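Here the structure is a predicted model, which is why all the values come from computation and not from measurement.
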Amino acid sequence: QVQLVESGGGLGQTGGSLRLSCAASGRTFSLYAMAWFRQAPGKEREFVAAISRAGRSTAYVDAVKGRFTISRDDTKNTVYLQMNNLKPQDTAVYYCAARTTYASVSTTTEYNYWGQGTQVAVSS
């Protein structure tokens with residue numbers, strides 16, 4: 001079992017930055033691939049970014065490439081999402097997710113564990 005707790009959300013400004021964190025319980029965090037998803041009001045949950053074990057591979061949705069960076073610190077059981085050059089369309093609840101394999105990373109049903117989410121709002 002893995003429990004995930006997100007933090008770092010809040011109100012940001014267009015062009016500004018926020019960093020999200022996701023702390024995982026358990027001793028096997030390093031065995032999981034991790035990802036961030038987001039869900040805006042009235043929309044389906046969408047993939048944002050993923051990172052493989054040991055951070056060897058990363059993937060991003062086109063809308064955030066060059067602006068967001070996913071990283072992990074296995075010594076702290078934490079995955080991060082650095083969000084730069086924020087845009088109003090980044091407003092959403094952001095969720096952290098974990099899975100045991102790194103394939104079809106944008107598919108929500110492939111993830112075994114989810115956090116409760118953290119709200120990000122970007123003002124124009």
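- Between the side chain of Ser52 and the backbone N or O of Ala33 there is no donor-acceptor pair closer than 3.5 Å.
- The shortest distance between side-chain heavy atoms of Met34 and Leu4 falls below 4.5 Å.
- At least one donor-acceptor pair under 3.5 Å links the side chain of Thr91 to the backbone N or O of Val122.
- Scanning all heavy atoms of the two residues, the minimum distance from Phe68 to Tyr94 falls at CE2-OH, 4.1 Å.
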- Message: Assess the residue pair Tyr80 and Arg19 against the criterion (side chain to side chain contact (heavy atoms under 4.5 Å, CB included)); give the C-alpha distance rounded to whole Å, side-chain angles, the decisive distance to 0.1 Å, and a yes or no.
- Response: CA-CA 7 Å; Tyr80 303 98; Arg19 189 175 82 155; 3.7 Å; yes
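- Nearest heavy-atom pair across Tyr60 and Ala49 is CD2-CB, 3.6 Å.
- In this structure, Ile51 CD1 and Arg56 CZ are separated by 11.0 Å, a value rounded to the nearest 0.5 Å.
- In this structure, Ser57 OG and Ile70 CD1 are separated by 11.5 Å, a value rounded to the nearest 0.5 Å.
- The two atoms that bring Thr108 and Phe37 nearest to each other are CG2-CE2, 3.3 Å, heavy atoms only.
- Residues in residues 112-124 take part in no side chain to side chain donor-acceptor pair (under 3.5 Å) pair, two or more places apart or across chains.
- Taking both residues in full, the closest heavy atoms of Tyr111 and Ala35 are given as OH-CB, 3.3 Å, listed atom of the first, atom of the second, then distance.
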- Task: Check the pair Thr14 / Leu86 against side chain to side chain contact (heavy atoms under 4.5 Å, CB included), numbers first and verdict last.
- Result: CA-CA 5 Å; Thr14 297; Leu86 287 166; over 6 Å; no
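- Of all heavy-atom pairs between Met83 and Val120, the closest is CE-CG2, 3.9 Å.
- Residues Arg99 and Tyr32 have side chains not in contact (no heavy-atom distance under 4.5 Å, counting atoms from C-beta outward).
- For Arg53, there are no salt bridge (Lys or Arg N to Asp or Glu O under 4.0 Å) partners two or more places apart in sequence or in a different chain.
- The two atoms that bring Phe47 and Ala59 nearest to each other are CZ-O, 3.7 Å, heavy atoms only.
- In this structure, the side chain of Glu6 engages the main chain of Cys96 through a donor-acceptor pair within 3.5 Å.
- Within a 6.0 Å sphere centred on CD of Gln3, heavy atoms belonging to other residues, nucleotides or ligands number 12 at most.
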- Message: Apply side chain to side chain contact (heavy atoms under 4.5 Å, CB included) to residues Val48 and Leu81 and explain how you reach the verdict.
- Response: CA-CA 10 Å; Val48 176; Leu81 185 67; 4.2 Å; yes
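- Here the side chain of Arg72 pairs no donor or acceptor atom with the backbone of Asn77 at under 3.5 angstrom.
- Scored by the side-chain hydrogen bond (donor to acceptor under 3.5 Å, both in side chains) test, Asp90 finds Arg38, Arg67 as partners (sequence neighbours excluded).
- Classification of Lys76 and Asp74 as a salt-bridged pair fails, no side-chain N sitting under 4.0 Å from a carboxylate O.
- Counting heavy atoms of neighbouring residues, nucleotides and ligands inside a 6.0 Å radius, atom CD of Gln89 exceeds 12 of them.
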- Query: Under the side chain to side chain contact (heavy atoms under 4.5 Å, CB included) criterion, do Leu20 and Trp36 qualify, and how do the steps go?
  - Reply: CA-CA 10 Å; Leu20 305 183; Trp36 288 95; 3.7 Å; yes
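- Side chain to side chain, Asn84 and Ser17 meet the donor-acceptor criterion of an N or O pair below 3.5 Å.
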